[in-house]
A.B. asks: 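Below is a structure I'd like to ask you about.
Remember, it's 1-based here, ligands and their atoms both numbered in the order they're listed.
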Amino acid sequence: MTHPKTERTLVIVKPDGIQRALIGEIMKRYERLGLKLVGLKMMVPTESMIENHYLIDPNWKKNVGEKAIASYVKKGETPPNSDPIKVAEAVVENLKKYMTSGPVIAMVWEGAHAVELVRKITGGTEPRSAGVGTIRGDFVLDSYQMADGDARAIRNLIHASGTIPEAQKEIPLWFSHTELISYRVPHEATLYDADMRSLIG
Ligand code: GDP
Ligand code: MG
C-alpha cells in the first residue's frame, strides 16, 4: 500500500485570484499546513482545456446542478432552472469564459489527505456561504444569486479537486509526468516519521 503522505491534489488559482493579488496568500495556506508543492505553472487556459477539465467526471453535471438548486432552496430562493443538467450546462459555458479571461496558476500539492484538507482550507463553492476562516469565505463575497443573475460563473478564486479519483484524472490534464517533482523536505520527518526520537542528538 502506498503511504497516505503521497496523496496529490490539483489547485488552480483562477483569474480573479491573480487579479486580486492573492497568489501568495493562497499558497501560504496550503504550505503552512505541511503540504508540499510538487508542480507549478502559469498560463492562460483555452476553452477546450476548461471543458475537458470540468467534464472529465461523468457525474459532475448532475452534482453541480443539484448542489446549485439545493443552495437556492435552502435560502428560500427560486433556482434559475429546476433541471440540474440544464443548470450545469449553463455553468460550463460560463466557466469557459471565466477561466480563459486571464492567467491562472496551476499547482499540485502533495501530502497526507491532500484532497480533503485542501478542500477544507479552500471552503465551499459559494463564497457567500463558505465557512469563516476558509479562503473562499474570507477573501471574496460572490453568490449563486449574483452569478446566475449576471449569467457568469461564481468567482471563488480557486479550483481544488473534489475527490481522490477527480484529482487523479485532473492532474494529468494540466501537468506532464516530468513536470511533477518528487523531492523531500526536512519537516516531513516531524509530520510522518513513526518514531520522532531520532530527532534528538
Ligand atoms: P467547486 O468544486 O467548489 O469549484 O465547485 P463545482 O465543481 O461544483 O463547480 C465548478 C465551478 O463552477 C465553481 O467553482 C464555480 O466557479 C462555478 N459554479 C458552480 N456551480 C455554479 C452555479 O450554480 N452557478 C454559477 N453561476 N456558477 C457555478
Ligand atoms: Mg469541483
A.B. asks: Can you pull out the closest protein heavy atom to atom 4 (O) of ligand 1? Residue, atom name and distance to 0.1 Å, please.
C.D. replies: Arg136 NH2, 3.0 Å

A.B. asks: Starting from atom 11 (C) of ligand 1, which protein heavy atom do you reach first, and at what distance in Å?
C.D. replies: Leu95 CD2, 3.7 Å

A.B. asks: Other residues, nucleotides and ligands only: do more than 12 of their heavy atoms fall within 6.0 Å of NZ on Lys41?
C.D. replies: yes

A.B. asks: Taking atom NE2 of His177 as the centre, does the number of heavy atoms from other residues, nucleotides or ligands within less than 6.0 Å exceed 12?
C.D. replies: no

A.B. asks: Among all protein heavy atoms, pick out the one at the shortest distance from atom 18 (N) of ligand 1; state its residue, atom name and that distance to 0.1 Å.
C.D. replies: Val91 CG1, 3.6 Å

A.B. asks: Mind checking whether Ala153 has a heavy atom under 4.0 Å from ligand 1?
C.D. replies: yes

A.B. asks: Check this for me: does any side-chain nitrogen of one of Lys5 and Glu188 sit under 4.0 Å from a carboxylate oxygen of the other?
C.D. replies: no

A.B. asks: Would you mind checking if Glu66 and Lys61 are paired as a salt bridge, meaning a charged N to carboxylate O distance below 4.0 Å?
C.D. replies: no

A.B. asks: Quick one: nearest non-hydrogen protein atom to atom 5 (O) of ligand 1, plus distance?
C.D. replies: Thr125 OG1, 3.2 Å

A.B. asks: Counting non-hydrogen protein atoms only, what is the nearest one to atom 13 (C) of ligand 1? Give residue, atom name and distance.
C.D. replies: Asn156 ND2, 3.6 Å

A.B. asks: Starting from atom 10 (C) of ligand 1, find the nearest protein heavy-atom neighbour and note its residue, name and distance.
C.D. replies: Tyr54 CE2, 3.6 Å

A.B. asks: Contact between His53 and Leu95 at the side-chain level, heavy atoms closer than 4.5 Å - yes or no?
C.D. replies: no

A.B. asks: Pick from Lys75, Lys67, Arg136: which one makes a salt bridge (Lys or Arg N to Asp or Glu O under 4.0 Å) with Glu126?
C.D. replies: Lys75

A.B. asks: Is the closest basic N to carboxylate O distance between Glu89 and Lys86 below 4.0 Å?
C.D. replies: no

A.B. asks: Do any nitrogen or oxygen atoms of Asn94 come within less than 3.5 Å of a nitrogen or oxygen of ligand 1?
C.D. replies: no

A.B. asks: Just wondering, are more than 12 heavy atoms of other shown residues or ligands nearer than 6.0 Å to CZ in Arg32?
C.D. replies: yes

A.B. asks: Check for me whether Arg152 has a heavy atom closer than 4.0 Å to any atom of ligand 1.
C.D. replies: yes

A.B. asks: Using a plain distance cutoff, I'd like to know if Ala68 has any nitrogen or oxygen under 3.5 Å from a nitrogen or oxygen of ligand 1.
C.D. replies: no

A.B. asks: Test Trp109 against every option in Leu35, Leu10, Leu117 by the side chain to side chain contact (heavy atoms under 4.5 Å, CB included) rule and name the one that passes.
C.D. replies: Leu35

A.B. asks: Which one of Lys67, Glu126, Gln145 has a non-hydrogen atom at the shortest distance from atom 6 (P) of ligand 1?
C.D. replies: Lys67

A.B. asks: Considering non-hydrogen atoms of the protein only, which is the closest contact for atom 7 (O) of ligand 1, and what is the distance?
C.D. replies: Trp60 NE1, 2.9 Å

A.B. asks: Starting from atom 2 (O) of ligand 1, find the nearest protein heavy-atom neighbour and note its residue, name and distance.
C.D. replies: Arg119 NH1, 2.8 Å

A.B. asks: At a 4.0 Å threshold, what atoms of ligand 1 neighbour a non-hydrogen atom of Lys14?
C.D. replies: 13 (C), 14 (O), 16 (O)

